[in-house]
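Reading through the structure tokens given below for one structure.
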Amino acid sequence: MSDLATLLEVGGPVAALGGGAAYARARHPGVYWSMVGLPVSTVRLLSSYGSVMEACGLTVAPSRLRVLAVKATTRREVRPVPPRRGIIRPTTTGLRVRLRLAPGQEPADVAASAERLRHAWGVHAVYVTTIKPGVVELRLVGFDVLRRVRMPRKLRPDILRVPVALCEDATPFVRDYRTVPHQLTLGATLSGKSMYLRHLVAGLARQPVALVGIDCKRGVELAPFAPRLSALATDPEQAAELLPVLIKEMEDRYDLIKARQGIAPSTPDEEITSDIWGLPEHERPAPVVLFVDEVAELFLVATKKDEERRDEMVTQLIRLAQLGRAAGIYLEVCGQRFGAELGKGATMLRAQLTGRVCHRVNDEASAKMALGDIAPEAVSAACAIAPERPGLAVAGDTSGGWSRIRTPYLSLGDAAETCRAFAPLVPDLPALKPFRPDVPVRPPVETPGPVVRPRPVTD
């Protein structure tokens, strides 16, 4: 009985500790990783590094000098040499360690063994990044960071750079309009496309940028952000009036750039520019970001007159996509489906959109429209997105690289409040004033007074 009592006394705390660890792993994976996963994975990596590298075929024969030194000093067997490992750097989501590749190795060799390394060291995923020739970095992610998205706290804000989602390797996905000027975002209903758009608008609202919207769903997506918008078109007729104004604004900016290029012999080379970013700050016009939601509505026609208007609008969008970057005009085109069946000019417009983000779609053809021409292997990843994970998407660009991302939750009220708070940042663009949306005046909030209760009647 005494042994049983002792066992119960010891087993109770152990069971409680194990239950607490299981609960933390399921509900608070970040806490579990910091307390349990991080030390365990570090010990596994340190104790099995050489054998794991050898099993993965990432070792090379030692040099002759090393062989002679080992034979002269010890009688040990000369073993193959793994890549030289750097200092292990823990993070809140995993580990980072740099490897110096041995002669004859390449980063693709390490990337091909990422799945084996994941199982050997007991982590959620392993990603390989090239730092410089001969040096790669292993990013070990301890848990599924896309299940509950928590954006990193330390993010450097910059003009036209918006951290909008989290990548599967725990790094932020930053929408950088200076690097990728135009983008196509596709997604079916309830896929998280609107959440992605909210983050973009709320992030750009804090910057001195002109925001222009075309929302042919009567403005239900972009109208809540009206206080921060410089222009808004809510149907194809208004869009047909707004796009020529943007074309004229682009042409005026090119005239400004050419005037600056009236090169005199005494003009320094650094003052010669081919876009607005080379202009002096006091002469530089505000950048313009055009959001087009449900782009298919601009292509749909019912009459011959509508067809002529459609062709004109598509031509104007293509001109903005081809020439707008140098004038500081950027496109963010969103829709549920975007392909050649929409009509003339659709494929040409898509070819000008460098960035691609594909949320859950209803068919494989839609995923191929978004990613098939830049990263064919990403199509299957986009088709595997489950409806239970809204906001999950596959992001790629014309360089061929792609990754899974997920947008954190942002309520429509919070995004609208951000736009309302930064309404004074709306740039002064006279050409867009006729299209400035009406902002309803908010009724004053009445502060309720104290509740007066009747006194009880006493005899």
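All figures in this text were calculated on a predicted structure; none of them were measured in a lab.
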(message) Around atom CD of Glu251, are there more than 12 heavy atoms from other residues, nucleotides or ligands closer than 6.0 Å?
(response) yes
(message) Could you report the tightest heavy-atom contact between Cys383 and Ala367, atom names first, then the distance?
(response) SG-CB, 3.9 Å
(message) Could you work out, with side-chain contact (heavy atoms from CB on, under 4.5 Å) as the rule, every residue matching Ser194, not counting sequence neighbours?
(response) Glu221
(request) Would you check if Cys419 and Val201 make a side-chain contact, meaning some heavy-atom pair closer than 4.5 Å? (result) yes
(request) Give a yes or no on whether the backbone of Leu331 and the side-chain of His182 come within a donor-acceptor separation of less than 3.5 Å. (result) yes
(request) Might you work through the side-chain contact (heavy atoms from CB on, under 4.5 Å) test for Leu242 and Leu232, ending with a clear yes or no? (result) CA-CA 8 Å; Leu242 174 59; Leu232 177 63; over 6 Å; no
(request) Under the side-chain contact (heavy atoms from CB on, under 4.5 Å) rule, collect the residues that match up with Thr347, sequence neighbours excluded. (result) Ala340, Arg350
(request) Examine distances only and state if a side-chain atom of Tyr254 and a backbone atom of Leu323 form a donor-acceptor pair shorter than 3.5 Å. (result) yes
(message) I'd like to check the side-chain contact (heavy atoms from CB on, under 4.5 Å) partners of Gln183; sequence neighbours left out, ordered by chain and number.
(response) Arg175, Thr185, Tyr196, Glu332, Val357
(message) Looking at Arg147, is its backbone amide N or carbonyl O close enough to the side chain of Arg406 to form a donor-acceptor pair, meaning the two atoms are under 3.5 Å apart?
(response) yes
(message) Looking at His199 and Pro408, would you say the former's side chain and the latter's main chain have a donor-acceptor pair under 3.5 Å?
(response) yes
(message) Is there a side-chain contact between Tyr177 and Leu204 in this structure, where contact means two heavy atoms from C-beta onward sitting under 4.5 Å apart?
(response) yes
(message) Testing the basics here: between Pro83 and Leu58, what is the closest heavy-atom pair and its distance to 0.1 Å?
(response) CD-O, 3.0 Å
(message) Enumerate the salt bridge (charged side-chain N to carboxylate O under 4.0 Å, His left out) contacts for residues 184-209, please, sequence neighbours excluded, ordered by first and then second residue.
(response) Lys193-Glu294
(request) Provide the full list of ring pair (Phe, Tyr, Trp, His ring centres under 6.0 Å) pairs with a residue in residues 212-234, sequence neighbours left out, each pair given once. (result) none
(request) Using the ring pair (Phe, Tyr, Trp, His ring centres under 6.0 Å) rule, collect all pairs that involve residues 370-391, keeping only residues at least two apart or in two chains. (result) none
(message) Taking atom CE as the centre, does Met151 end up with more than 12 heavy-atom neighbours from other residues, nucleotides or ligands that are less than 6.0 angstrom away?
(response) yes
(request) Kindly compute the distance separating CG (Asp215) from CG (Asp235), expressed to the nearest 0.5 Å. (result) 10.0 Å
(request) Determine yes or no for a side-chain-to-main-chain donor-acceptor pair under 3.5 angstrom, with Ser51 supplying the side chain and Ser48 the backbone. (result) yes
(request) Would you check if Leu140 and His124 make a side-chain contact, meaning some heavy-atom pair closer than 4.5 Å? (result) no
(message) Can you list everything that forms a salt bridge (Lys or Arg N to Asp or Glu O under 4.0 Å) with Arg178? Sequence neighbours excluded, please.
(response) none
(message) Any non-hydrogen side-chain atom of Val289 less than 4.5 Å from a side-chain atom of Leu160?
(response) yes
(message) Under 3.5 Å, is there a donor on one side chain and an acceptor on the other for Ser366 and Arg337?
(response) yes
(request) Please report the shortest heavy-atom distance between Leu166 and Leu146, naming the atom on each side. (result) O-CD2, 3.3 Å
(request) Give the minimum heavy-atom separation between Trp277 and Pro287, together with the two atoms involved. (result) CH2-CG, 3.6 Å
(request) Find the distance between OH (Tyr49) and CD1 (Ile88) and round it off to the nearest 0.5 Å. (result) 9.5 Å
(request) For Asp414, check salt bridge (Lys or Arg N to Asp or Glu O under 4.0 Å) against everything at least two apart and list the hits. (result) none
(request) Take atom CG of Leu190 as the centre, draw a 6.0 Å sphere, and report whether it contains more than 12 heavy atoms from other residues, nucleotides or ligands. (result) no
(request) Tell me, with the steps shown, if Leu279 and Leu256 meet side-chain contact (heavy atoms from CB on, under 4.5 Å). (result) CA-CA 9 Å; Leu279 298 174; Leu256 178 63; 3.8 Å; yes
(request) Enumerate the residue pairs fulfilling salt bridge (charged side-chain N to carboxylate O under 4.0 Å, His left out) with a member in residues 81-92, sequence neighbours excluded, ordered by first and then second residue. (result) Arg89-Glu137
(request) Given side-chain contact (heavy atoms from CB on, under 4.5 Å), test Leu243 with Leu320 step by step and report yes or no. (result) CA-CA 9 Å; Leu243 287 174; Leu320 288 174; 4.1 Å; yes
(request) Evaluate the side-chain proximity of Leu197 to Leu222: yes if any heavy-atom separation is below 4.5 Å, no if none is. (result) yes
(message) Tell me whether Arg325 at atom CZ has more than 12 heavy atoms from other residues, nucleotides or ligands lying less than 6.0 Å away.
(response) no
(request) Scan residues 104-125 for pairs that pass salt bridge (charged side-chain N to carboxylate O under 4.0 Å, His left out), counting only residues two or more places apart or in two chains. (result) Glu115-Arg118
(request) Provide the closest heavy-atom pair for Val209 versus Arg228 in the form atom of the first, atom of the second, distance. (result) O-NH2, 2.8 Å
(message) Whether the side chain of Thr315 engages the backbone of Asp311 through a donor-acceptor N/O pair (distance < 3.5 Å, no angle test) should be reported.
(response) yes
(request) Would you please test Phe291 and Ile214 for side-chain contact (heavy atoms from CB on, under 4.5 Å) and show each step? (result) CA-CA 6 Å; Phe291 296 96; Ile214 296 178; over 6 Å; no
(message) Quick one, Gln336 and Leu186 - any side-chain contact, counting heavy atoms below 4.5 Å?
(response) no
(request) Compare every heavy atom of Cys216 with every heavy atom of Leu298, then report the nearest pair and how far apart it is. (result) CD2-SG, 3.6 Å
(message) Is any side-chain heavy atom of Trp121 closer than 4.5 Å to one of Leu138?
(response) yes
(request) Look only at the side chain of Gln105 and the backbone of Ala102, and say whether a donor-acceptor pair between them is shorter than 3.5 Å. (result) yes
(request) Find the distance between CZ (Arg319) and CD1 (Ile329) and round it off to the nearest 0.5 Å. (result) 10.5 Å
(message) Please determine whether a side-chain nitrogen of the Lys or Arg among Arg389 and Asp144 lies less than 4.0 Å from a carboxylate oxygen of the Asp or Glu.
(response) yes
Donor-acceptor contacts under 3.5 Å from residues 38-46 side chains, at least two apart:
from  : atom 1 : to    : atom 2 : distance (Å)
Ser41 : OG     : Gly37 : O      : 3.1
Thr42 : OG1    : Leu38 : O      : 2.7

(request) Only counting residues at least two apart or in another chain, list the ones meeting side-chain contact (heavy atoms from CB on, under 4.5 Å) with Pro107. (result) Leu101, Thr130, Val136
(request) Mind checking the CG-OG1 spacing from Asp169 to Thr129? Nearest 0.5 Å is all I need. (result) 6.5 Å
(message) For a 4.5 angstrom cut-off between non-hydrogen side-chain atoms, does Leu432 reach Leu246?
(response) yes
(request) Please check if the side chain of Arg356 supplies one atom and the backbone of Leu371 the other of a donor-acceptor pair under 3.5 Å. (result) no
